[in-house]
Amino acid sequence: GMSSGGVLPHKRPKIPFDFLVSCTLIASASSSSSSSRAAHAEVDLSFAKLDGKPLKFVKRAMGEARRLLSPQGLADAASSGYKFELLDRDNLAKWKVGLSDLNVDGNLAKDLAKHKLPSQIDLEIALPDGFPLEPPFVRVLYPQLSSGFVFSRGGICFEPLTAKGWAPSMTLPALAIAIKGIMDYGDVRVSGVGDKTLRVIAQYTEAGARKDHAVIVSAHNDGESRTYGGKYKS
């Protein structure tokens, strides 16, 4: 539970999310000059297989990929503590995301150091065919984490990842930064290291995390904010 005295506003993911969306919209409005669009357009995406995908998905997934893979996008990522890589070179719907530069005073960074692990959390982001109107599916890959926000098979309980909480205007970098916020301030702990070399947790499977997500969504009445971050068992 949360004590009322001296609680960081970051403990409730809704605050940084709303704040970040407004920041993101301001930033995207100020940076959508023709020069930045031209810079993103230089990214060659001819390798992407998009047959059979809806037009809305194709346009947005390509826009996100251009943003992430452009020199400016890579520089932004390096300075903001996240790194996106395509899991499968020709599939723009699946990204591996490393979150680093974690809050040095937070328990998570201390736990990682104690386990002699790099200060990085690995996530997977999968874009459904209904993206951007439907939210991405996000799960933790490594290490094993415990908190009110991370479930036993790696599913993440975070309002923007539900149909009601998702804002189609939210970019993938903004989503990564918002999730980094709950990792930094949501009292997330390392509960297992699995295979340190391959950075794999055996019970963190996509099927399992999708089951976690189904539990989360039904527990929260498909996105009712007041119940977020509670310790529901999956």
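The chain is numbered in sequence order, starting from 1.
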Would you mind reporting whether L141 and V200 have side-chain heavy atoms less than 4.5 Å apart? no
Report all side-chain donor-acceptor pairs from residues 95-106 shorter than 3.5 Å, counting only partners two or more places apart or in another chain.
from	atom 1	to	atom 2	distance (Å)
W95	NE1	L92	O	3.1
N103	OD1	D105	N	3.1

Verdict with supporting geometry, L145 and V190, side-chain contact (heavy atoms from CB on, under 4.5 Å): CA-CA 5 Å; L145 301 176; V190 174; 4.2 Å; yes
Could you check L86 against N91 for side-chain contact (heavy atoms from CB on, under 4.5 Å), going step by step and ending with a plain yes or no? CA-CA 7 Å; L86 285 169; N91 180 4; over 6 Å; no
Do L112 and P118 come within less than 4.5 Å of each other through their side chains, counting heavy atoms only? no
Should L45 and L69 count as side-chain neighbours, where that means a heavy-atom distance under 4.5 Å? yes
Are the side chains of R67 and P173 in touch, meaning some heavy atoms are under 4.5 Å apart? yes
Grouping I, L, V, M, F, W and Y whenever their side-chain heavy atoms are under 4.5 Å apart, do F137 and F57 come out in a common cluster? no
I'd like to know if the side chain of R139 reaches the main chain of Y204, judged simply by a donor and an acceptor atom lying under 3.5 Å from each other, with no hydrogens or angles considered. yes
Between the main-chain N or O of P132 and the side-chain N or O of W166, is there a donor-acceptor pair closer than 3.5 Å? yes
In this structure, OG of S191 is separated from NE2 of H115 (nearest 0.5 Å) by 8.0 Å
Would you indicate whether the side-chain heavy atoms of P168 and L133 approach each other to under 4.5 Å? yes
Is it possible for you to say whether F47 and L50 belong to one hydrophobic cluster, with membership spreading through side-chain heavy-atom contacts below 4.5 Å? yes
Would you say that T162 contacts P135 through its side chain, given a criterion of any heavy-atom pair below 4.5 Å between the two side chains? no
With side-chain contact (heavy atoms from CB on, under 4.5 Å) as the test, would you mind laying out the steps for L198 and Y142 before giving the verdict? CA-CA 10 Å; L198 295 175; Y142 194 84; over 6 Å; no
The criterion is salt bridge (charged side-chain N to carboxylate O under 4.0 Å, His left out); which residues satisfy it with D129, sequence neighbours excluded? K53
Grouping I, L, V, M, F, W and Y whenever their side-chain heavy atoms are under 4.5 Å apart, do I121 and F84 come out in a common cluster? yes
So, taking the atom named CZ in R153 and the one named CG in D212, what distance separates them when rounded to the nearest 0.5 Å? 4.5 Å
Flag side-chain contact, heavy atom, 4.5 Å: C157 against V150: no
Could you state the interatomic distance from CG (N107) to CG (D184), rounded to the nearest 0.5 Å? 11.0 Å
Show, in sequence, the C-alpha distance, side-chain angles and deciding distance for L172 and L68, and conclude whether the side-chain contact (heavy atoms from CB on, under 4.5 Å) test is met. CA-CA 8 Å; L172 294 184; L68 292 166; 4.2 Å; yes
Please determine whether residues L127 and F158 belong to a single hydrophobic cluster, defined as Ile, Leu, Val, Met, Phe, Trp and Tyr linked transitively by side-chain heavy-atom distances below 4.5 Å. yes
Output every pair passing salt bridge (charged side-chain N to carboxylate O under 4.0 Å, His left out) with a member in residues 200-209, not counting sequence neighbours, ordered by first then second residue. K94-E206, E206-R210
Quick check: does any side chain N or O of S80 sit under 3.5 Å from a backbone N or O of Y82, one acting as donor and the other as acceptor? no
Do the side chains of I125 and M170 join up, straight or via other hydrophobic residues, at under 4.5 Å, putting them in one cluster? yes
Starting at OG of S147, measure out to CG of L108 and round the result to the nearest 0.5 Å. 9.5 Å
Scan residues 79-91 for pairs that pass salt bridge (charged side-chain N to carboxylate O under 4.0 Å, His left out), counting only residues two or more places apart or in two chains. K49-D90
Who passes salt bridge (charged side-chain N to carboxylate O under 4.0 Å, His left out) against K114, sequence neighbours left out? D111
Side-chain contact, heavy-atom cut-off 4.5 Å: I156 with V140? yes
Under the salt bridge (charged side-chain N to carboxylate O under 4.0 Å, His left out) rule, what pairs show up with a residue in residues 190-203, not counting sequence neighbours? D122-R199
